[in-house]
Amino acid sequence: MSKSLSLPFDPIARADDLWKRRWGSVPSMAAITSIMRAHQILLAEVDAVVKPYGLTFARYEALVLLTFSRAGELPMSKIGERLMVHPTSVTNAVDRLVRSGLVVKRPNPNDGRGTLASITERGREVCDAATRDLMAADFGLGVYDEGQCQDIFELLRPLRLAARDFEDPGEERPE
């Protein structure tokens with residue numbers, strides 16, 4: 001769980017006020033600071049939920065991704081692409097899952113230089129149990145209702161689109 005600050009004031013609102021006095025109103029400063037603090041809080045909360053399973057949220061995401069694949073295995077490069085993380089981070093996460101007996105690695109028969117990561121039966125069991133616990137904890141977002149969670153998703157989507165995380169199916173693609 002995130003360490004409670006229990007301050008007698010909102011430090012982000014205070015910083016926003018001081019910022020306005022010094023440099024003028026910049027709502028994006030308060031927004032980014034709030035997002036970064038929310039990230040810290042949420043990551044601490046979900047990590048606390050999956051820790052009893054020997055996982056971090058990053059490793060949990062890799063397990064989930066493997067369960068979503070038809071064969072329960074994916075090339076390491078595809079895992080990095082789908083999780084939007086650096087190849088070194090994927091290697092680190094998958095190697096930890098291998099050491100825990102939740103994933104196995106083997107050469108990719110379709111790519112002589114590539115490696116496949118495959119979820120084990122134990123990995124599926126751990127993934128299912130951790131998922132139940134995360135869902136019971138509302139992924140740390142229990143202070144929001146379903147509609148608000150959808151609003152958060154929609155508010156952040158343009159940022160992800162602008163970063164070119166994905167192509168908007170509503171946009172026409174140049175030929």
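The minimum heavy-atom distance linking Asp16 with Val26 is given by the pair OD1-O, 4.3 Å. The nearest pair of heavy atoms linking Arg59 to Leu55 is CB-CD2, 4.1 Å. Shown here for Leu66 and Ser118, the closest heavy-atom pair between the two residues is CD1-C, 4.4 Å. When all heavy atoms of Pro158 and Leu155 are compared, the closest pair comes out as CD-O, 3.4 Å. Between Thr131 and Val64 the shortest heavy-atom distance is OG1-CG2, 4.4 Å. The shortest heavy-atom contact between Leu116 and Pro109 is CD1-CD, 3.8 Å.
Residues Asp133 and Tyr53 have side chains that bring a donor and an acceptor to within less than 3.5 angstrom of each other. Glu146 and Gln150 share no donor-acceptor pair across their side chains, judged by distance under 3.5 Å alone.
Partners of Ser89 according to the side-chain hydrogen bond (donor to acceptor under 3.5 Å, both in side chains) rule, which considers only residues two or more places apart in sequence or in another chain, do not exist here. For Arg106, the side-chain hydrogen bond (donor to acceptor under 3.5 Å, both in side chains) partners two or more places apart in sequence, or in a different chain, are Glu73.
Heavy atoms of other residues, nucleotides or ligands lying less than 6.0 angstrom from CZ of Arg160 number more than 12. Heavy-atom contacts from other residues, nucleotides or ligands closer than 6.0 Å to CZ of Phe139 number more than 12. Annotation for Arg157: atom CZ counts as buried by contact number, over 12 foreign heavy atoms lying within 6.0 Å. Annotation: Phe68, atom CZ; neighbour count of heavy atoms from other residues, nucleotides and ligands within 6.0 Å does not exceed 12.
One finds no salt bridge joining Asp95 and Arg99 here, because no Lys/Arg side-chain nitrogen approaches an Asp/Glu carboxylate oxygen to under 4.0 Å.
Cluster annotation: Val90 is connected to Val98 through the hydrophobic network of ILVMFWY side chains, with a link wherever side-chain heavy atoms come within less than 4.5 Å.
Residues Leu134 and Phe57 are in side-chain contact: their nearest non-hydrogen atoms beyond the backbone lie under 4.5 Å apart. Asp17 has its side chain within reach of Arg21: a pair of non-hydrogen atoms, C-beta onward, lies under 4.5 Å apart.
Side-chain atoms of Asp138 do not come within 3.5 Å of backbone N or O of Leu141 as any donor-acceptor pair.
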